[in-house]
Amino acid sequence: MEPYVVMLRTDADDRDITEEMLAETGNRINLKFAADLHELYGMIEASGDPLLVLLNDKGAAHADHGQLRKLKSNPVSAHIPVILLGEISTKEYIMECYRAGANSFIIKPSTIAETKNKIERFFDYWLNVAET
């Protein structure tokens, strides 16, 4: 089975930007999208474990981190690195995300150039440096 990365709980803009930036950087990452945990677990059953799960963090109003906690407490997915993509940059909030089980927290960049740079560095680290 071909290695892949899943973006979970994303909106159309996040999907489009990520796909466009990946194409521009030349990364040949098999990127899949899942609307919810049910769809993600179906992917795991059909295609094996993803290399990473990218979870769009909705911010303080949704700070129970329910999906993250479920991913990290389920034996099927507990070992898969989960990276939160968010906009809140307070140290307290980010630490709360780590306590909930995030393997990394990335603040969404505000410009296309920053987005491209962050995506290149992010995938270089997770796919070429870190052991997954």
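Values below: all heavy atoms of this structure, side chains included; hydrogens, waters and symmetry mates excluded.
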State whether the side chain of [X] and the backbone N or O of [Y] hold a donor-acceptor pair below 3.5 Å, judged by distance alone.
X: Y41; Y: S77; value: no
X: N103; Y: I83; value: no
X: K108; Y: G86; value: no

Distance check, rounded to the nearest 0.5 Å: [X] atom [atom1] versus [Y] atom [atom2]?
X: K32; Y: E2; atom1: NZ; atom2: CD; result: 8.0 Å
X: R99; Y: H65; atom1: CZ; atom2: NE2; result: 9.0 Å
X: H79; Y: N74; atom1: NE2; atom2: CG; result: 10.0 Å
X: L52; Y: L127; atom1: CG; atom2: CG; result: 6.0 Å

**OP:** Please name all residues satisfying side-chain hydrogen bond (donor to acceptor under 3.5 Å, both in side chains) with N117, sequence neighbours left out, ordered by chain then number.
**Re:** R121
Do you know which two heavy atoms are closest between [X] and [Y], and how far apart they sit?
X: E39; Y: F33; result: OE2-O, 3.4 Å
X: L51; Y: P3; result: CD1-CB, 3.7 Å
X: K72; Y: G101; result: CE-O, 3.2 Å
X: D49; Y: V76; result: OD1-O, 4.2 Å
X: F123; Y: V5; result: CE2-CG2, 4.1 Å
X: L68; Y: C97; result: CD2-O, 3.7 Å

Are [X] and [Y] side-chain neighbours, meaning at least one heavy-atom pair lies under 4.5 Å?
X: Q67; Y: V82; result: no
X: I80; Y: I44; result: yes
X: L71; Y: L8; result: yes
X: L54; Y: W126; result: no

**OP:** Could I get the full list of side-chain contact (heavy atoms from CB on, under 4.5 Å) partners for K116, not counting sequence neighbours?
**Re:** M21, E24, T25, E120
Original post:
Looking at residues at least two apart in the chain, or sitting in another chain, which of them share a side-chain contact (heavy atoms from CB on, under 4.5 Å) with T90?
Top reply: I88, E92, Y93
Original post:
Just wondering, more than 12 heavy atoms not from H38 lying within 6.0 Å of its NE2?
Top reply: no
**OP:** Step by step, work out the side chain to side chain contact (heavy atoms under 4.5 Å, CB included) result for L85 and F122.
**Re:** CA-CA 11 Å; L85 309 170; F122 170 81; 5.7 Å; no
